[in-house]
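Residues: numbered from 1 along the sequence shown. A quick note: this is a predicted structure, and the numbers were derived from the prediction, not measured.
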Amino acid sequence: MCAAQPATFVRVDNFITCEEIERDPVRKSATAFGIGPHLCTAIPMPGGELVLFVFQRWLKDGSYDQAAIDLLNGLRPHLARAGLVAGRLGLERARTAVSILREIGLPAAIMSGSGRVLTANPLFEGMADVFLPTAHGGMAIADQTANALFQQAIAQNRDNRVVRSIPVAAIKGRPALVIQLLPLRRAAHDIFSGADVLVVATTVGTGATVPSPNVLSGLFDLTPAEARLAVELASGHSVQEAAMEIGIAVKSARTYLERIFRKTETSRQSELVALLKSAWSFS
């Protein structure tokens with residue numbers, strides 16, 4: 001699975017032979033214990049990590065049907081976000097929010113539901129050209145377009161608590177960023193006491209001009225088909241040309257494009273292409 005890196009949930013048995021299954025001591029032990037078929041997906045992280053999610057069933061419950069696979073694929077973007085946070089934190093627990101923010105190695109801050117900054121790590125505080133203090137302990141983003149999305153996300157968090165990814169275009173002397181707003185729920189409050197939102201800034205590396213589909217999937221929760229279309233558009237192709245390149249109908253490409261607009265918070269193809277070209281590959 002590490003080599004195949006399936007971009008959706010797949011039946012693992014489809015990737016191995018019967019002889020390999022028979023020779024696998026782990027599979028033999030699992031079968032003897034009553035554990036049967038399992039599904040797997042791989043999610044590459046922007047920092048180069050690879051997160052695998054595996055679900056298994058008891059033998060008595062039979063194989064996974066397509067409905068179960070479709071359900072897990074619908075949850076895959078949320079698993080990607082969870083993997084990103086888990087990978088960056090690299091900790092099971094921490095005594096206080098401040099100690100976590102020092103150890104995750106990323107510019108990060110925690111905020112209350114009203115938008116007041118409770119604490120931030122030195123990396124975050126050092127980004128004075130990106131994050132600006134506002135009245136009553138609040139925070140804004142220097143980029144006006146990104147700030148409008150940021151303030152909207154803070155306001156909406158009070159009601160729907162939805163994870164948001166906000167792109168910040170590159171400027172001279174600073175690469176592009178993706179700012180992640182992650183609502184803190186349930187057990188997360190044990191780690192981030194009194195906080196409601198974790199804000200993390202991920203710097204996009206300066207690699208190729210056009211990012212890879214895997215990076216776009218990780219940054220903006222694009223499906224594999226949406227990510228391939230986005231790469232073709234960022235390469236300068238029209239929607240019709242991009243559809244031909246990836247082998248889909250133009251109607252389907254336009255449907256994918258509308259979804260990409262929603263996920264990247266853009267509204268025009270030129271705006272989308274500018275954003276994608278600023279999101280250089282991490283590789």
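The structure places CD of Gln180 at 7.5 Å from CZ of Arg81, a figure rounded to the nearest 0.5 Å. Taken from CE in Met1 to CG in Leu52, the straight-line distance is 8.5 Å, to the nearest 0.5 Å. Note that OG1 of Thr8 and CG of Leu72 are 10.5 Å apart. Values are rounded to the nearest 0.5 Å. Rounding to the nearest 0.5 angstrom, the gap separating the CD1 atom in Ile246 from the NE2 atom in His237 is 11.0 Å. In this structure, Arg164 CZ and Gln152 CD are separated by 5.0 Å, a value rounded to the nearest 0.5 Å. Atom CZ in Arg23 sits 10.5 Å away from atom CD1 in Ile16 (nearest 0.5 Å).
Among residue pairs with one or both ends in residues 117-142, those qualifying as ring-ring contact (aromatic ring centres under 6.0 Å, His included) are Phe124-Phe131; sequence neighbours excluded. Sorted by first and then second residue, the pairs that involve residues 61-75 and meet side-chain hydrogen bond (donor to acceptor under 3.5 Å, both in side chains), not counting sequence neighbours, are Gln66-Asp70.
Val168 has its side chain within reach of Arg174: a pair of non-hydrogen atoms, C-beta onward, lies under 4.5 Å apart. By the 4.5 Å heavy-atom criterion applied to side chains, Val197 and Pro183 are not counted as neighbours. At a threshold of 4.5 Å between non-hydrogen side-chain atoms, the residues Gln56 and Val12 do not count as touching. Counting heavy atoms from C-beta on, the side chains of Leu177 and Val130 come closer than 4.5 Å. Looking at Lys263 and Thr223, their side chains come closer than 4.5 Å, going by heavy atoms from C-beta outward. Residues Arg11 and Pro37 form no side-chain contact, since every pair of their non-hydrogen atoms from C-beta on lies 4.5 Å or further apart. Side-chain atoms of Leu272 and Leu257, non-hydrogen and from C-beta on, do get closer than 4.5 Å to each other. When side chains are defined from C-beta on, Phe150 counts as touching Met139, because their heavy atoms get closer than 4.5 Å.
Met244 and Leu233 fall into different hydrophobic clusters, defined by Ile, Leu, Val, Met, Phe, Trp and Tyr side-chain heavy atoms under 4.5 Å apart, directly or through other members. Both Phe55 and Ile69 are assigned to one and the same hydrophobic cluster, defined by single-linkage of ILVMFWY side chains at heavy-atom distances under 4.5 Å.
Here the closest non-hydrogen pair linking Val200 and Ala108 is CG2-CB, 4.3 Å. Counting all heavy atoms, side chain and backbone alike, Ala140 lies closest to Thr134 at CB-CG2, 3.7 Å. Scanning all heavy atoms of the two residues, the minimum distance from Leu59 to Gly36 falls at CD2-CA, 3.4 Å. The minimum heavy-atom distance linking Cys40 with Val54 is given by the pair SG-CG2, 3.9 Å. Nearest approach of Pro44 to Ala42, heavy atoms of both residues: CD-O, 3.8 Å. Ala253 approaches Val239 most closely through the heavy-atom pair CB-CG1, 3.8 Å.
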Could you go through Ile179 and Ile141, starting from their C-alpha distance and side-chain angles, then the distance that decides it, and tell me whether this counts as side chain to side chain contact (heavy atoms under 4.5 Å, CB included)? CA-CA 10 Å; Ile179 298 173; Ile141 299 175; 3.4 Å; yes
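With sequence neighbours excluded, no residue forms a ring-ring contact (aromatic ring centres under 6.0 Å, His included) with Phe15.
Each of Ile154, Leu118, Thr119 was scored for a side-chain contact (heavy atoms from CB on, under 4.5 Å) with Met111, with one residue passing: Ile154.
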